[in-house]
Structure formats: C-alpha cells, structure tokens
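Worksheet: the structure to be examined is printed underneath.
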Amino acid sequence: MPSGGCGNENPAKPGGRRVSPVCTLTPALLVKTAELDPRENYLMGFHPHGVLAAGAFLNFCTEASGFSTIFPGITPHLMMLSLWFRIPFFRDYLMSGGLVSSDKQSASYVLRKPEGGNMLAIIVGGAQEALDARPGSCTLLLKNRKGFVRLAIQHGTPLVPIFSFGENDLFEQVRNPKGSWLRQIQHRLQQIMGISLPLFHARGIFQYSFGLIPYRRPIYTVVGKPIPVQRKHRPSEEEVDQVHQKYLNELSKLFEEHKAKYNIPEDRHLEFI
C-alpha cells in the first residue's frame, strides 16, 4: 500500500503499476526520523498488521500522508498476498496502487533495480498477526520471522523498521484466545486459504455503537533509520540471526523513543512472539 511519484510502471512486470487517481484517500500521519537516499533501494518491515493494515495502505499506496513530499525520489511498493492478484480486474486495481505480489520474484524485481529509489514494504506479521490485533496490543509476530532479513542480505538492501502507532486501535475484535473454537476455525481457514478472517467491528455511518467503519482514531506511522546490510548471496543462519536481532533492537528502540508522544503507557513495551 504505497505511493511515491505516482508514476506508471509496465503492467507486465511484477513490480506493480501506479495510477494517480487512486493515490488520494483518507489522511494519516507519516513521521520521518531519517533521510532516505533515493539512489538506494530499501526493504521496510511494517508493524503491526492490525485488522486491515490501514496505515500501510494509506501511507504507501496513496498520497494521503504526502509520502512523495516526505521522501522525495522514493517510490513505495507494498507486498500483498498473491491470492488477491488472481482475481480479474481486482488485480489491476491493486497494481494501480503500487501493490506487488508477496513472492520472491516480485520482491527481487523491486530490490534489484539498479537506479535505486525503490522501497519495498512487508507487513511481517501477516495474516496470523491480524488475529491478535486489538486496542492496546503491543505483541508482534516477529521472533521467528526471518525471511525478510534473508532477502535483504541477499540483495544488500538496508532494512528500515516501521511502527504504526494506533494501527491496532481502529477496530474491536471478537475475543478469540488461542485454543478457543473460534481461533481454531480461523487458523484452519488461514491454512487453507492463506488469509485470516478476524471478526471485527467498530462504528457505523450514522451511529457509533456498532459497524464496520473504523473508529475515528489517528494513525501515526513512524519510519525508523536504515540498518545497513552487507550483501551475501547465501547467508548462513548465524548471519541472518545477527541481522534479525539488530532489527528487533532497532524496532524496540523506535517504539520506546516515540511511544510517549502517542499516548502509550510508560510501562508498555513491545513483545515478540
């Protein structure tokens, strides 16, 4: 869910194509903590997934938060489950926003562009993390997710952590603790279809007690500093683990430095599972 210069790309390429009219939706606040060199490509980890990954879409697939002004010369691309690209016409809509399929070929196409200036955002927690998205949650499904780190090392692409404050506060989710019948059904459906089906609710159009429209709560998406990564075609498990741990440390640091600004209690910290 991206947008940079809102230019056009070849629709036959796995990198997606962007069309200007789709680049204006509901505003969200994008916070920059460091400059990004437009001569380089970047791999960004977006956290948390939330119920619908609204912050990722608004910031990286539209100009709602003014991405192209905040990060000039950078074109964002957001990865999405390959399943959605199999649907006729909907596939074209997704590509018009710069979305790309979540497969290695599409990721590599973006990251290996020699001219640089491309940002690939991955919602690392994915569909499984969406099942734990509820107001106040600071739990991230990240402890054993290292594929994006390996991809960054293979391309020598800097890693950039992103935390979207308020992402989990947009909807309430039906209680589904692990081991419950609902969670078991959701987990099974995820295994079969590749997507999770969180049961959520928020407000309606003319009333605020129940509906599927998100609550009027702000999203503050904070983009961290790039983590340099040394390129290696076949990194060892140890090398991947080292970079992964550094990423966890930088993400935690980003959260701690900014949480007070966005009304997160002092005793609340990120938890990686």
Side-chain angles (χ1 to χ4, degrees), residues 1-4 6 15-16 18 22-33 36 42-68 70-71 74-85 90 93-102 106-107 110-111 118-134 137-142 145 147-148 151 159-171 173 194-196 198 200 214-215 217-224 247 251 254-255 258 262 270:
M1 311 169 173
S3 170
C6 284
R18 185 173 285 102
V22 186
C23 295
T24 305
L25 291 176
T26 307
L29 184 64
L30 185 64
V31 181
K32 177 172 68 174
T33 63
L36 297 184
Y42 297 91
L43 178 57
M44 296 187 165
F46 183 92
H47 315 273
H49 183 288
V51 170
L52 296 177
F57 178 78
L58 290 173
N59 286 297
F60 305 138
C61 290
T62 80
E63 276 296 316
S65 58
F67 183 95
S68 61
I70 297 172
F71 294 106
I74 303 292
T75 300
H77 305 270
L78 181 66
M79 299 200 83
M80 190 175 190
L81 285 174
S82 303
L83 167 69
W84 300 112
F85 288 86
F90 187 57
Y93 169 74
L94 296 176
M95 294 177 72
S96 71
L99 287 152
V100 297
S101 175
S102 58
S106 297
V110 174
L111 296 179
N118 289 281
M119 181 209 85
L120 180 66
I122 299 178
I123 307 176
V124 182
Q128 188 175 345
E129 189 176 83
L131 296 177
D132 289 315
R134 45 183 42 86
S137 174
C138 291
T139 301
L140 301 180
L141 186 61
L142 184 57
R145 299 222 164 179
F148 73 106
L151 183 66
L159 280 165
V160 181
I162 298 175
F163 194 87
S164 193
F165 293 90
E167 189 72 44
N168 283 335
D169 300 333
L170 299 180
F171 300 94
Q173 187 170 174
I195 59 174
S196 64
F200 61 91
Y215 290 120
R217 296 169 180 169
I219 301 175
Y220 302 97
T221 302
V222 183
V223 180
Y247 181 87
L251 179 60
L254 181 71
F255 178 82
H258 293 271
Y262 307 118
L270 289 183

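- With sequence neighbours excluded, the residues satisfying side chain to side chain donor-acceptor pair (under 3.5 Å) with Thr139 are Glu271.
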For this session: Could you please spell out the steps behind the side-chain contact (heavy atoms from CB on, under 4.5 Å) verdict for Leu270 and Leu142?
Result: CA-CA 11 Å; Leu270 289 183; Leu142 184 57; over 6 Å; no

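- The list of side-chain hydrogen bond (donor to acceptor under 3.5 Å, both in side chains) pairs with a residue in residues 159-170, not counting sequence neighbours, reads Ser164-Glu167, Ser164-Thr221.
- For His47, the ring pair (Phe, Tyr, Trp, His ring centres under 6.0 Å) partners are Tyr247, not counting sequence neighbours.
- The nearest pair of heavy atoms linking Phe67 to Ile74 is CE2-O, 3.4 Å.
- Applying the salt bridge (Lys or Arg N to Asp or Glu O under 4.0 Å) test to residues at least two apart or on different chains, the pairs with a partner in residues 120-133 are Asp132-Arg183.
- You'll find the side chain of Ile70 stays beyond 4.5 Å of the side chain of Val223, heavy atoms only.
- Leu170 is not listed as a side-chain neighbour of Val51, based on a closest heavy-atom distance of 4.5 Å or more.
- Under the ring pair (Phe, Tyr, Trp, His ring centres under 6.0 Å) criterion, Phe165 pairs with Phe163, Phe255, Tyr262, sequence neighbours left out.
- Listed here is the closest heavy atom pair of Ala53 and Ile123: CB-CD1, 3.5 Å.
- From Phe171, atom CZ reaches atom CZ of Arg217 across 10.5 Å, with rounding to the nearest 0.5 Å.
- You'll find the side chain of Val160 stays beyond 4.5 Å of the side chain of Met119, heavy atoms only.
- The nearest pair of heavy atoms linking Ala28 to Ser65 is O-CB, 2.9 Å.
- The two residues Ile162 and Leu251 come nearest to each other via the heavy atoms O-CD1, 4.1 Å.
- With values rounded to the nearest 0.5 angstrom, Phe46 atom CZ is found 15.5 Å from Met79 atom CE.
- In plain terms, the two heavy atoms of Ala130 and Gln173 that are nearest each other are O-NE2, 3.2 Å.
- The distance from atom CG of Asn59 to atom CG of Leu30, rounded to the nearest 0.5 Å, is 4.5 Å.
- Between the side chain of Thr62 and the main chain of Leu58, a donor-acceptor pair closer than 3.5 Å is present.
- Counting only heavy atoms from C-beta outward, the side chains of Arg145 and Ile122 never approach each other to under 4.5 Å.
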